[in-house]
Structures are given as structure tokens and as C-alpha cells.
Amino acid sequence: MADDMLHIEGTVEEVLFRSESNGYIVFELDAGGELITVAGELGDISDGENLVVEGKYSTHRKYGTQFSAEYCERKLPDSTVNIEKYLASGAIKGIGKRLAEKITGVFGEKTLDIIQNEPQRLTEVKGISPDRAKAIAEESRKIFSLRMISAFLAQHEIKFGFAMKAYLKFGADTLDIIKENPYVLCDDGIELDFKKADTIAYNLDMERNSDRRITAGIRHILKTNTQCGHTCLPLDFVMGKAVSVLNITEDDFLKSYDSAVEYEEVFEYEKNNRRYICLPEYYHAERFISERIDAMKNIRARHIIEDCDLVISLEERKNRIKYGNLQRKAIKTALSENIMILTGGPGTGKTTTLNAIISLCKMYGAKVMLSAPTGRATKRMYDLTGYEARTIHRLLEMKYNSDGRLEFVHNEKNPVDCDLLVLDETSMVDVLLFSSLLHALKPECRLVITGDSDQLPSVGAGNVLRDLIDSGAVPVITLREIFRQSEKSCIVTNAHRIVSGEYPDLTKKNSDFFFFRRAEPENALNLISELVAKRLPKAYKYSPFDDIQVIAPSRKGILGTVSLNRTLQEKINPPSEDKPEIKSAEYIFRLGDKVMQTKNNYDIEWERNGEEGTGIFNGDIGIITEINRYESYMVIEFDGRSAVYDFEQLTEIELAYAVTVHKSQGCEFEAVIMPLQSGFAKLSYRNLLYTAVTRAKRLFILIGSATLVHGMVDNNRKSLRYTCLKNMLAEKQKERNDKENV
């Protein structure tokens, strides 16, 4: 335990709040006559229990000053009075206040020992039949099982939440299962770190070359690499890593690996004469995507439009517009195929094409829905098309299942009521989310996929859009012609130059694309501050909060987002007596600050004009509108949605005057400023620069040296991602072609 932890011992007086899903509880602890409010993920605690809790004091907006407990040692009540209070609280299902009095009246201080070890003696209490005694014994077995699990894991400094998750997954035999194989704690739904499970196994004298340890190690290596975007890894790579990390031989590895494949703890896939290993969830997701897309080609969609050329011409006449050849081809493909991909750089007419597809499908009675990965991307879709768009998570909806895990409401049994789904910014969609989306679409639902595969791939594992395009299994229309109204934009023309491997024009001074040469980072930082705080608001009437966004390749360095945010905060929203503030580990948050949510949180409640909902997601940008230090909460407004954050949730947000290029994906801003700094070669490549440039609607400012800019354009290193999807799709397409040629 940490040296600065406080230790408090006492008796639970009253439970104030509990969450069944994660074991979070708030209760009053009688510590020598002083009532202390205690909170934490401590589990199913009941009135009358004796506890030793370890943690620190903090302030909560609802409960005020409280003791935030990290761990607790449970001691069952040992006095007749406290045992009666414990049972009367409903700790054991089937025992209420009156029965608690009767049982303790008969057995006194031995009551809990009798219930646990001699439950048949409960029939000595008037009113308890043998069947009722058996039911009480079974319920108490569950309670004591969870407590033993919690106590066992607490010895290894593992929080109660993991005990609760394990118990929900394995039931009353959980402790025996853990002792037999501690690595089950690393499984989905529990997610304990492999190193902690390995420590438990070591303390239990498990053999270092056991199949269970090696299989868990293989899964750990695969899972760790999903964070780099890989859905699979070469077998030889994993073997080398496992031999080194686990300190085993290659023979040990191969023996355990064969067993893991046999029992489907991992899956093997061969492509290009090389063997790859996949975690089951990623193998099944990519396999399902390939099979579902293949099946879509055999299903006749509703609302088929027979004479596409005629209706496209009528749409042209109605809107007084002339579609280009590729635009007409894209519209025709969308009206005649169940699935298609529409891609192309800025200014090539994707929005105009999409509007025609949506309009014609609605004209023929199709129910059309629009979706994108992020809230800001859906807002952009609405601005461009005039039709409401929802994030994929909102489209599929979320709920907690019986195990306390979040799952989507919509699936094959409860599909989304939709005839045509337009999915935008698909380069941001990872393989698990795309699989869930396909599961939730009706078989006859038509899917139009849009996005720009030259942008950065998804944060999650997979390379969905790139794999779909490269597989040749899906019709792809790539718009290439820059339309006349966009030809004047240097943002558009330079974006196309960059993606084609040509250097952008850095010389023009009267355009929407400006380059400022600043060799020294300190000079660049001063220029950025001046542009954001003074020059752009004065020249263009741009708001530093709503219209201007600084985008940087990295979080680190003097021109990284952390340093930039602190500098810009002082310029744009300096401290004052009327602006309350609160300090987190990394930032000071002040009233009026621009902030970003950094992880998906499905539980945060929000309100907008009387409408209520839940969920604030990774990448959502908002403004702090209230900070209440006394009650320890702040209010953040995200595009009209007001959400309340406890100070404990400060780790989920960061200042957003500057954000990384990765975090800016799916967004557009009136003005974008991008500084470049040397020393970050891994983040100096072409599609990162291209992604940043295409975030700007009206003004893009690049600051640094021409050498750095040219180096990024020359570096066409696209993030290497090991996936199976492209090959699986190609296999299905080959099978289809072979059948057609028979």
C-alpha cells in the first residue's frame, strides 16, 4: 500500500448508495463514535459490518467531505447486536428484520458461523423450514464467496471491482477458478493486467512454462498490440516476443500455442504464405465483416430504382446543377448496389453527390439515416446535408447487460429501422465497431460508405476503409476532379498536392493557406499566441473558442499540445478573481476554458432544452460553464448539451485550445493553425500533414520550416497495420468469381 494512505477502522452504520454494476458504494462508518462518509469500489457492504478501510479524504459535490477508500479489509460482525443489524439490512436474501431477531435470539454470536457451516440448524428457529434454510444457505454461500474473492485479491492490492467482475462471470466457484488459473482475470469482462495475474500465479507456485501462463502471455501480447492498430500479428513475431518476455523456450511456446489454437483461445490465419495469430474477437469481427459484405451482394435491396439515368437527370434539373461523370457513376452505383464506397479529397464534390443519393432514395420512399464516428462529424454532416446524423454509438444505443457490461441495443434480433445508411468518416471506424454496425443492419439495408483513406486510420484496431478499398470486393468510386469553385482555394489545391507527393505552395500571401517560417520553437509559440488571441479575431472576427483550432502532431515538446494549451489558456482565458478554477494532475481548469473529452463515457448525463440523454465521447469539445468548488463539480457545455462532471472525472478531460491531429479527425474548423517542430520523426509523415490541412474550412496556417514541411511530404510511411480483413474479403470475392465462371 502507498505510504500516504490513511487507515480507518469502524462499523458500518448505514449504506447511502450502491451500484450493483461495479460495486461502488457510499456508506457511513462509525469510527469510535465519529461518523465518516466512505466511498469507493468496495462491493456489497452491509450495515453492521466491521471494516478497516484505506484511502484518502476528498470532497464530493453530493456527499461533501468523504473518505475515498482504495481497499478494505472486511471483518464480519462478532457481537449479537451488530450481527442482528447486519442480517436485518438485507445482507442475506431471505432474512429480514424480524427473522434476524429470531435467528440471533437462538444462536447469538455464533449466528454467522451456523449459517455458513451448519445451515441445517436454522430449522431450530421457529418459522424456518428445511427448504427455507437451504435457500438461506445458498444465498449466504454467494455472499461469503464474493468476500473471500475480494479478500484474496486485496492481498495482491487488486481492487474490489475486479473481484465483482470475476464473480459476475464465474459465480460462487470463482475463488477456486482463480487459484487454479489466475490468468482468467485477464479475460474480457475482467481485464486485469497480465503482470498482476502473473504475480498471483507466481505466489501460487504455478510453473513458468505452464500452458495457461504461456497462452495468457500470447493473448497479452496480442491485446497490447491492438493499441497500435493491429488485429493480428505474425506468428514468428509473437513467438520471439513471448520467449523473451515470459523467459521460456521456443518448444514451450509452440506446445502451448498449438493447444491455444485447438481450444480457440487464439485463432490462426494464413496470408501471403505467413501465419498470423488473432484474438477471437478480432478474428470473428473481420470474418463476419467479410461474410456479411459478400452476402449483401446476393440480397435485393428495397426501393430499387430501375431507370437511374433518368432520375439523375431529373435531379440535376430540379437543383439546377450538372453532375460530373464520376458523380453520376457514384449516384447510379448507390441506387443499384447494396453497398458502395464513395471517396475523394476535398473539393471533389462528395457532399453534392451524397445529397443527390439521399434525395433520390427518400423520393422513392426509403428510410435514410446518416451516421459518423464522432459528435462533431455528425454535426458537420447535418450542416452539409440538412439531414440529422447520429454517432454510431447513438445509432446502435447502449445498455448494461446482466453482467454489468455495456452492449449495443441494436443487433440481428433488433436491427436499426433503416433502408439506407450513409456512414461518413469511415477511416476513423475500427473493426469491432464496424462489425457491430453490420450486425445491427437489416439484411436488405443499403450501405453507402464515405471517407478519405488518405487520412489517418482509426484509433482502435483495424484499417477498415483501406482494407475495403484494397480488397476489390466492394464497388469504389473515387472522385478526382476539383470543381471550379474549389480551384481557388489553396487549402484544397495544397491538400491534393500533399497527398500526391508534391510540395504545397508556401509562397502565396493572399490566399487561405499561409506559411510562416519560424526556426526557433519559442518564436513559433509567440506567433501562435498572437494569432489566436489577437490577429485572427481582429482580421476575420474569428472566436478563439469556436472558430480557431491549433492542431499539433504531438503532445510533447514546446510546440506539443500540453505546452501550447497552457500558453494559450493564459492568453485567452487568464486567471481572475471571478473565475473559479480547479487543478488536475496535468492542467488547471478555469471557468470558460475550452476542453475535450478524452475517452468514451456512456454514463455521463446531459441536458439540452429539456431533452435528457447520456454519453459524452472521445473527441467531444466543450466549454466549462460552471465550477463549484464547494460541492466539487463542474458543468461543461458540448454543442448545447450541458453535462455535470465530478472533480474525480477530471482525468477524462483536457484543455482543447490545442489538440493532436489524431484527436481532430472528423472535425472541421473555420481556421486551423499547425506548428511543426523537429525531433518527432515518427509523427512527421504525409497523411498526418494531409489530415491536418483538410481540417480547415476557410483558413490554414502552417508554422515551422520548409525543410520540415517537405520532409513530411516525402515521408509516405503509412502506419503499418496487420489485419486479416483485406485478405478475407478478397477470398470471398475470389470464391464468387470462381462460381460465376463455372
Side-chain angles (χ1 to χ4, degrees), residues 345-347 350-351 372-384 389 391 424-425 427-428 451-452 455-456 486 489-492 494-495 498 504 511-516 527-553 559-561 564-565 567-569 571-573 592-598 617-623 636-640 654-676 687-703:
K350 287 200 304 289
T351 300
T374 67
R376 293 185 74 87
T378 60
K379 183 177 183 299
R380 179 170 169 265
M381 286 186 83
Y382 172 78
D383 292 340
L384 293 173
T391 63
D424 196 21
E425 296 287 355
S427 63
M428 299 176 64
D452 190 340
Q455 291 184 19
L456 298 173
S486 298
S489 168
C490 286
I491 292 175
V492 171
N494 277 334
I498 290 167
S511 66
D512 54 3
F513 188 110
F514 291 90
F515 172 69
F516 289 92
L527 175 60
I528 293 167
S529 299
E530 186 181 351
L531 287 168
V532 174
K534 296 179 180 178
R535 290 171 62 172
L536 296 188
K538 182 178 180 181
Y540 298 94
K541 309 301 181 189
Y542 287 159
S543 163
F545 298 95
D546 301 326
D547 302 321
I548 304 170
Q549 185 61 58
V550 178
I551 296 178
L559 296 179
T561 57
L564 284 164
N565 271 315
T567 299
L568 292 170
Q569 181 191 44
K571 285 286 185 180
I572 301 168
N573 191 33
D593 270 336
K594 180 179 180 180
V595 295
M596 172 182 279
Q597 177 77 11
T598 59
F617 301 110
N618 187 3
D620 286 352
I621 294 176
I623 300 292
I636 305 175
E637 185 170 304
F638 298 91
D639 292 323
E654 61 186 21
L655 292 178
Y657 300 105
V659 301
T660 63
V661 180
H662 286 84
K663 289 288 187 183
S664 73
Q665 275 193 275
C667 305
E668 268 195 342
F669 308 95
E670 294 295 315
V672 169
I673 302 171
M674 183 183 189
L676 300 179
N687 66 338
L688 186 135
L689 177 60
Y690 173 75
T691 300
V693 172
T694 53
R695 300 308 92 208
K697 289 170 67 175
R698 302 186 186 280
L699 183 64
F700 182 80
I701 297 175
L702 193 57
I703 301 173

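- Across every non-hydrogen atom of Ala552 and Thr561, the tightest pair is CB-CG2, 4.0 Å.
- Taken from CD in Gln455 to CE in Met428, the straight-line distance is 8.5 Å, to the nearest 0.5 Å.
- Partners of Asp593 according to the side-chain hydrogen bond (donor to acceptor under 3.5 Å, both in side chains) rule, which considers only residues two or more places apart in sequence or in another chain, are Gln569, Asn573, Tyr657.
- Phe638 pairs with exactly one of Ile623, Ile621, Asp620 by the side chain to side chain contact (heavy atoms under 4.5 Å, CB included) rule, that one being Asp620.
- Closest heavy-atom contact between Gly345 and Tyr690: CA-OH, 3.6 Å.
- Between Pro675 and Leu564, some side-chain heavy-atom pair lies under the 4.5 Å cut-off.
- Looking at Thr374 and Glu425, their side chains never come closer than 4.5 Å, going by heavy atoms from C-beta outward.
- For Phe513, the ring pair (Phe, Tyr, Trp, His ring centres under 6.0 Å) partners are Phe700, not counting sequence neighbours.
- In terms of heavy-atom proximity, Lys538 sits nearest to Lys541 at O-NZ, 4.0 Å.
- Atom-to-atom distance recorded for Ile572:CD1 and Ile548:CD1 is 7.5 Å, nearest 0.5 angstrom.
- Side-chain contact of Tyr540 with Asp547: a donor-acceptor pair under 3.5 Å is absent, judged by distance alone.
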*Would Ile491 and Val672 count as a side chain to side chain contact (heavy atoms under 4.5 Å, CB included) if you check the C-alpha gap in whole Å, the side-chain angles of each, and the deciding distance to 0.1 Å?*
CA-CA 11 Å; Ile491 292 175; Val672 169; over 6 Å; no

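- Counting heavy atoms from C-beta outward, Asn618 and Lys663 have side chains that approach closer than 4.5 Å.
- Distance check, rounded to the nearest 0.5 Å: CG of Asn565 to NZ of Lys594 gives 9.0 Å.
- Pairing each heavy atom of Thr391 with each of Gly375, the nearest pair is CG2-N, 3.5 Å.
- A donor-acceptor pair under 3.5 Å links the side-chain atoms of Gln665 to the main chain of Leu456, judged by distance alone.
- Distance OG1/Thr351 to CG/Asp383: 10.5 Å, rounded to 0.5 Å.
- Side chains of Pro553 and Met674 form a contact here, defined as non-hydrogen atoms less than 4.5 Å apart.
- To the nearest 0.5 Å, atoms CD1 (Ile701) and CD1 (Ile673) are separated by 5.0 Å.
- Closest approach of Val661 to Ala692, counting heavy atoms only: CG1-N, 4.0 Å.
- Under a 3.5 Å cut-off, the side chain of Arg695 and the backbone N or O of Phe669 do not form any donor-acceptor pair.
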*Run the numbers on Lys350 and Asp424 for side chain to side chain contact (heavy atoms under 4.5 Å, CB included), then give the verdict.*
CA-CA 11 Å; Lys350 287 200 304 289; Asp424 196 21; 5.7 Å; no

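- Contact detail for Pro346 and Val492: the closest heavy-atom pair is O-CG1, 3.3 Å.
- With a 4.5 Å cut-off on side-chain heavy atoms, Ile528 and Leu559 count as touching.
- Rounding to the nearest 0.5 Å gives a distance of 8.0 Å between CE of Met596 and OG of Ser664.
- Exactly one of Lys697, Arg380, Arg376 qualifies for a side chain to side chain donor-acceptor pair (under 3.5 Å) with Glu668. That residue is Arg380.
- Formation of a donor-acceptor pair under 3.5 Å by the Gln549 side chain with backbone atoms of Ala656 is found in this model.
- Counted within 6.0 Å of CZ on Phe545, heavy atoms from surrounding residues, nucleotides or ligands total more than 12; the atom is thus considered enclosed.
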